[in-house]
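Comments concern the structure below.
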Number of protein chains: 2
Amino acid sequence: MTLAEKAYDALRHDIIRGAFAPGRPLRLADLSERYGMGFSPLREALNRLQAERLVTAESLRGFRVAPLSLDELHDATSVRIMIETQALRAAIQSGDDAWAAGIVSSLYALNLQASRSGGEADIWTLEARHYAFHRALLAACNSPWMLEFFDRLYAATERYRIPILLAATHPAGRDVQAEHSALAEAALARDADRAAALLEEHYRKTVEHLSAVIRESEPDLLLAGAAG
Amino acid sequence: MTLAEKAYDALRHDIIRGAFAPGRPLRLADLSERYGMGFSPLREALNRLQAERLVTAESLRGFRVAPLSLDELHDATSVRIMIETQALRAAIQSGDDAWAAGIVSSLYALNLQASRSGGEADIWTLEARHYAFHRALLAACNSPWMLEFFDRLYAATERYRIPILLAATHPAGRDVQAEHSALAEAALARDADRAAALLEEHYRKTVEHLSAVIRESEPDLLLAGAAG
DNA sequence: ATTCCATAAATTTTCGAAAATACATGTTGC
DNA sequence: GCAACATGTATTTTCGAAAATTTATGGAAT
């Protein structure tokens with residue numbers, strides 16, 4: 001793996017997890033020290049991340065962490081619902097045994113991780129399991145473009161969810177595990193309408209919860225990420 | 001504008017228009033001579049294009065023009081229909097006078113250009129007008145993410161259409177101008193269902209035509225672009 | 001003839017410095 | 001005081017060469 005690829009992975013990881021505050025300038029000298037490499041691989045990674053809208057760039061003024069906003073969260077969520085419900089329907093129609101097995105095993109791993117009372121670093125593992133489960137649901141949709149957009153939107157919305165996970169704010173009156181199980185069950189039963197409805201509901205609840213928490217108790221979450 | 005930005009524009013332009021054959025390696029020495037700059041700005045541009053799936057990259061083996069395939073054309077088209085019909089409905093719901101004016105003027109410019117019996121370079125202008133018209137239809141959808149995905153998919157599918165435009169293969173029994181006009185009319189009349197149906201039909205006809213031409217008369221179009 | 005290995009050539013990747021530009025600081029004139 | 005300007009510093013951008021790796025070439029062994 002080249003240094004540019006390592007830089008891309010590390011930067012993407014750190015940005016999504018809020019190691020840099022949204023909007024904060026990404027100075028090459030700092031990054032060079034932090035990641036122990038020269039400017040060239042860093043700039044290549046930053047250019048990729050720019051194309052993915054995780055960082056912004058301005059001519060001769062360098063790169064910044066892309067900002068967050070409630071508007072973007074709502075936009076990303078509604079587009080996510082559109083893409084993923086369609087992809088889920090397609091996957092249900094054409095999914096084979098391997099697809100079903102992938103759902104079962106990723107749900108199992110997700111629940112197992114969720115049951116561990118989240119130690120510090122476990123949260124990132126849980127997050128990875130959550131991604132893997134939702135990815136597994138769509139895996140058989142047979143559309144590289146939809147899967148790519150799923151990845152893009154997942155990364156974009158993950159940035160909003162992480163600080164809340166860190167704050168250990170559990171959604172009151174909501175059983176996320178049950179939602180995942182019901183979703184998997186509907187998909188495996190090939191009930192496309194029910195699965196799509198559950199998926200949509202799942203995301204609407206999540207974004208409502210996020211909006212509420214951000215507006216009421218963490219109004220500057222959109223500006224200040226955790227320290228790096 | 002920095003050299004890296006110039007490199008990005010030039011490379012994107014040349015790749016979409018088929019100046020490099022799909023799958024062809026993009027050697028830095030060649031590109032450096034062609035565009036008159038060093039490796040650094042070229043590599044940055046190539047990394048951005050990689051994130052956009054217009055070029056592929058393999059560790060220590062450099063970059064290649066992304067390949068074309070009928071499967072990808074069909075995938076991109078069906079995702080396009082999903083995204084754009086949704087975006088069009090949203091735009092129809094919330095579009096204001098400026099939106100309507102944008103549709104009228106871009107349609108006018110498109111028809112004007114189409115009526116000029118396409119000289120060599122006019123084809124690219126026509127292509128730009130075509131993009132601008134479709135973009136104008138969606139402009140008021142109020143969703144940066146959908147517009148981004150529109151751009152991505154437009155670029156991806158443009159690659160399939162260009163060689164056919166160059167070959168001046170006009171679709172038999174099809175009046176593309178009339179399709180555009182009907183689409184604009186439905187949008188301006190705020191008839192979302194009709195507009196969405198027309199848009200979908202427009203794309204289905206296009207992809208069918210492309211598939212037929214590629215399969216029957218240009219089977220190796222997917223491999224060999226025009227010389228650069 | 002064919003596989004294997006060594007060597008050479010071509011290519012990508014990375015660094016370190018130079019060039020270009022933006023940003024901050026302080027100074028002058030009013 | 002304060003705007004305009006000059007100067008110096010910080011930062012980005014670009015180049016050219018070095019390092020690392022892959023690909024091609026040619027010869028030896030079987």
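Throughout, a chain's letter reflects where its sequence line sits, starting with A, and its residues are numbered from 1.
- Between A:Met1 atom CE and C:dT14 atom P the separation is 11 Å, expressed in whole Å.
- Between B:Tyr160 and B:His74, the gap from one ring centroid to the other reaches at least 6.0 Å.
- At the heavy-atom level, B:Leu28 lies under 4.0 Å from base atoms of the strands shown.
- Backbone-only contact: B:Leu26 has heavy atoms under 4.0 Å from sugar-phosphate atoms and none from a base.
- Taking the side chain of B:Arg27 as heavy atoms from C-beta on, and the options C:dT13, C:dT12, C:dC15, the nearest nucleotide is C:dT12.
- Across all strands, A:Thr2 comes closer than 4.0 Å only to sugar-phosphate atoms, never to a base (heavy-atom distances).
- Taking only side-chain nitrogens and oxygens, B:Arg61 never comes nearer than 4.0 Å to OP1 or OP2 of C:dT13.
- Look at CG on A:Asn47: it is 13 Å from P on D:dT12, rounded to the nearest Å.
- Under a cut-off of 6.0 angstrom, the local environment of CZ in B:Arg161 is crowded, with over 12 non-hydrogen atoms contributed by other residues, nucleotides or ligands.
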Distances under 3.5 Å between nitrogen or oxygen atoms of protein and nucleotides 6-8 of chain D:
none

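- Both cation-pi conditions hold for A:Arg80 and A:Tyr203: the charged atom is under 6.0 angstrom from the six-membered ring centre and inside a 45 degree cone around its axis.
- The nucleotide whose nearest atom lies closest to any side-chain atom of A:Leu3 is, among D:dC15, C:dC15, D:dT13, C:dC15.
- Rounded to whole angstrom, the span from the CZ atom of A:Phe63 across to the C1' atom of C:dA22 amounts to 15 Å.
- Straight-line distance from the CZ atom of A:Phe39 to the P atom of D:dT11: 10 Å, rounded to whole Å.
- Each of A:Ser59 and A:Gly36 was assigned the nucleotide of DNA chain C with the nearest heavy atom; the assignment lying further toward the 5' end belongs to A:Gly36.
- Within the 4.0 Å cut-off from OP1 or OP2 of D:dT13, at least one side-chain nitrogen or oxygen of A:Arg43 is found.
- When atom types are taken as modelled, the side chain of A:Asp75 and the backbone of A:Asp71 share no donor-acceptor pair closer than 3.5 angstrom.
- Straight-line distance from the NZ atom of A:Lys6 to the P atom of C:dT13: 13 Å, rounded to whole Å.
- Rounded to whole Å, atom P of C:dT14 lies 7 Å from atom CD of A:Glu44.
- In this pair, B:His130 and B:Tyr154 present their aromatic rings tilted. The plane angle is within the 30 to 60° band.
- Rounding to whole angstrom units, CE of residue B:Met37 and C1' of D:dC15 are separated by 12 Å.
- Here C:dT11 presents its C1' atom at 14 Å from CD of B:Glu58, a figure rounded to the nearest Å.
- Contact record, B:Leu46 with B:Val55: O-CG2, 3.6 Å, taken as the closest heavy-atom pair.
- Ring to ring, B:Tyr8 and B:His13 are not that close: their centroids are 6.0 angstrom or more apart.
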